[in-house]
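First comes the structure, then the notes that go with it.
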2 protein chains.
Amino acid sequence: MRLTEKKIVEVLRQSGYKITPQRRAILEVITHSQEHLTPSAILEKVNYIHPGIGLVTVYRTLEVLSNLGLICRMHTAEGCHSYKGALQEHHHHLTCTECGRVVEFTNCDLGELEERLSAQTGFNIESHLLEFLGRCRDCQKAVA
Amino acid sequence: MRLTEKKIVEVLRQSGYKITPQRRAILEVITHSQEHLTPSAILEKVNYIHPGIGLVTVYRTLEVLSNLGLICRMHTAEGCHSYKGALQEHHHHLTCTECGRVVEFTNCDLGELEERLSAQTGFNIESHLLEFLGRCRDCQKAVA
DNA sequence: GACCTAAATGAAAAAGTTTTTCACCTACCA
DNA sequence: TGGTAGGTGAAAAACTTTTTCATTTAGGTC
């Protein structure tokens with residue numbers, strides 16, 4: 001389940017952050033979008049709801065939300081600062097290299113590999129980044 | 001095995017690109033490095049070999065090499081514009097978040113997961129990005 | 001080896017993105 | 001209804017990436 005705006009506001013408040021109209025507007029944009037959005041794209045959409053918000057505020061809000069794990073930062077061909085609404089669970093992405101569509105999946109089953117690596121290298125493994133790239137059904141058709 | 005400079009030069013020539021000293025210098029840096037490098041980091045290293053090369057040339061060369069699949073553009077947690085030598089062999093990295101040390105490993109065993117995802121989503125999966133993050137033995141000691 | 005030409009280069013500037021600074025404002029608690 | 005820590009917007013700084021253009025050069029041809 002994707003986190004709702006309400007749930008995110010709750011977590012923000014519990015973490016000691018203030019709930020400003022700007023943050024609400026940014027949240028509304030992110031939680032209502034299915035794609036990943038760049039800060040500029042978010043700003044553009046936010047300005048329909050709340051004109052006058054600065055790009056700086058968007059950047060700052062995204063950083064807060066991202067640090068709390070409430071939104072998800074994506075590394076796409078367009079740049080390093082695309083964000084999308086986060087899932088509650090640990091998850092990964094399968095991204096279409098052609099159209100950018102993103103599918104989420106949850107069972108990565110890397111525990112065994114992680115243990116093996118840990119034993120071999122002495123590393124204390126804290127996290128992992130796993131992303132699959134390919135072509136979605138539509139883009140495969142488009143080529144054919 | 002990582003692609004050698006010689007092999008890359010051969011492909012470049014066959015593809016109709018000229019072999020300039022600048023390109024040679026950039027190739028030397030990339031093929032001799034074990035890490036992912038940003039354009040600026042590449043420029044810095046290149047300037048030891050061939051002072052006076054412009055960052056523009058680095059960008060242009062990286063684009064050519066990347067388009068030919070001779071180097072690999074990485075979208076990692078650290079950034080979106082890092083490049084590394086393309087390996088003939090499939091591999092991944094285990095990176096220390098403290099000191100940046102990188103250990104490579106090869107058996108990722110993601111075939112099963114890949115098949116499952118492919119079947120579920122209709123994606124034709126072309127590649128994956130897998131990176132583990134943690135603390136190496138030394139950095140664990142340093143904290144204790 | 002000298003010549004020719006398309007491709008490549010470097011410098012400068014433009015365009016874009018992200019961060020920093022700072023004076024002012026406001027959400028929220030007592 | 002204050003007081004205050006935290007948040008905001010504007011401007012500017014700091015970076016990164018792309019574009020432009022005059023000059024140079026790699027590599028083929030004679």
Side-chain angles (χ1 to χ4, degrees), chain A residues 5-6 8-29 36-47 49-68 70-71 73-83, chain B residues 5-6 8-30 36-68 70-71 73-83:
Chain A
E5 200 179 327
K6 198 174 165 187
I8 295 177
V9 165
E10 196 180 299
V11 175
L12 272 180
R13 191 165 272 142
Q14 279 168 7
S15 307
Y17 291 98
K18 292 181 179 172
I19 310 306
T20 63
Q22 290 89 338
R23 284 180 175 163
R24 277 192 187 282
I26 293 168
L27 277 176
E28 189 178 330
V29 165
H36 47 88
L37 299 169
T38 62
S40 312
I42 291 170
L43 181 68
E44 198 185 326
K45 283 169 181 281
V46 158
N47 271 325
I49 307 172
H50 185 126
I53 288 187
L55 189 53
V56 199
T57 297
V58 173
Y59 272 99
R60 283 187 286 226
T61 302
L62 291 175
E63 202 190 335
V64 167
L65 294 173
S66 179
N67 287 342
L68 290 173
L70 298 172
I71 60 172
R73 183 172 168 186
M74 302 255 328
H75 299 276
T76 70
E78 293 94 52
C80 274
H81 279 262
S82 288
Y83 294 84
Chain B
E5 202 179 324
K6 199 174 162 186
I8 295 177
V9 164
E10 197 180 297
V11 175
L12 272 180
R13 189 165 273 141
Q14 280 168 5
S15 308
Y17 291 98
K18 292 181 180 175
I19 311 305
T20 63
Q22 292 88 340
R23 284 180 175 164
R24 277 193 188 281
I26 292 168
L27 278 175
E28 190 177 328
V29 165
I30 293 176
H36 306 154
L37 299 170
T38 60
S40 313
I42 291 170
L43 180 68
E44 197 186 328
K45 283 169 181 280
V46 157
N47 272 326
Y48 287 120
I49 307 172
H50 184 127
I53 288 187
L55 189 53
V56 199
T57 298
V58 174
Y59 272 99
R60 282 187 287 223
T61 303
L62 291 174
E63 202 190 338
V64 166
L65 294 173
S66 181
N67 287 341
L68 290 173
L70 299 171
I71 60 172
R73 182 174 169 187
M74 303 289 303
H75 300 288
T76 70
E78 294 91 49
C80 270
H81 291 273
S82 290
Y83 293 83

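Excluded from the calculations below are hydrogen atoms, water molecules and symmetry mates; all remaining heavy atoms, backbone and side chain alike, are included. Order of the sequence lines fixes the chain letters, A, B, ..., with proteins taken first and strands second; residue numbering starts at 1 for each chain. Only a predicted model underlies this, so the values are computations on that prediction, with no experimental measurement involved.
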Sugar-phosphate atoms are those with a prime plus P, OP1 and OP2; base atoms are the rest. Using that split, label each nucleotide of nucleotides 19-26 of chain C B, S or - for protein heavy atoms under 4.0 Å, 5' to 3'. BBB----B

When you compare the side chain of B:Val11 with that of B:Tyr17, does any pair of heavy atoms fall below 4.5 Å? no

Send over the distance from B:Arg24 CZ to C:dA8 C1', rounded to a whole Å. 15 Å

Taken to the nearest whole Å, CD1/B:Ile19 to P/C:dT9 is 10 Å

Provide, to the nearest angstrom, the distance between the CG atom belonging to A:Leu12 and the P atom belonging to C:dA27. 15 Å

Test item: B:Leu62 and B:Ile30 side chains (from C-beta on) under 4.5 Å apart, heavy atoms: yes

A:Ile53 or A:Gly16: which one's nearest nucleotide on DNA chain D is closer to the 5' end? A:Gly16

Out of curiosity, B:Arg23 CZ to B:His50 NE2, how far, rounded to the nearest 0.5 Å? 13.0 Å

Write down the atom of A:Leu55, the atom of A:Pro39, and the distance for their closest heavy-atom approach. CD1-O, 3.9 Å

Just the rounded figure in Å: distance from P of D:dG27 to CZ of B:Arg23. 10 Å

Quick one: does B:Thr61's side chain have a donor or acceptor within less than 3.5 Å of a partner on B:Thr57's backbone? yes

Ignoring backbone atoms, establish whether B:Thr20 has a side-chain N or O less than 4.0 Å from OP1 or OP2 of C:dT9. yes

Report the distance from atom OG1 of A:Thr20 to atom CG of A:Leu12, rounding to the nearest 0.5 Å. 9.0 Å

Given atom CD of B:Gln14 and atom P of D:dG27, what is their separation to the nearest angstrom? 14 Å

Non-hydrogen side-chain atoms of B:Leu43 and B:Thr38 separated by less than 4.5 Å: no

For the pair made of OH in B:Tyr17 and P in C:dA6, what is the distance, rounded to whole Å? 17 Å

In whole angstrom, what separates B:Ile26's CD1 from C:dT9's C1'? 11 Å

Expected output: side-chain A:Arg13 to main-chain A:Lys18 donor-acceptor under 3.5 Å: no

Can you find a side chain N or O atom of B:Arg13 that sits less than 4.0 Å from OP1 or OP2 on D:dG27? yes

When you measure from the side-chain N and O atoms of A:Gln22 to the phosphate of D:dG9, is any distance below 4.0 Å, counting only OP1 and OP2? yes

In Å and rounded to the nearest 0.5 Å, what is the CD1 to CD distance from B:Ile49 to B:Glu28? 4.0 Å

Note down the inter-axis angle between the two ends of the helix from C:dG1-D:dC30 to C:dA30-D:dT1, five pairs each, to the nearest 10°. 30°

Should B:Thr57 be listed as having a side-chain N or O under 4.0 Å from OP1 or OP2 of C:dG10? yes

Distance check needed: D:dG9 P versus A:Leu43 CG, whole Å only. 10 Å

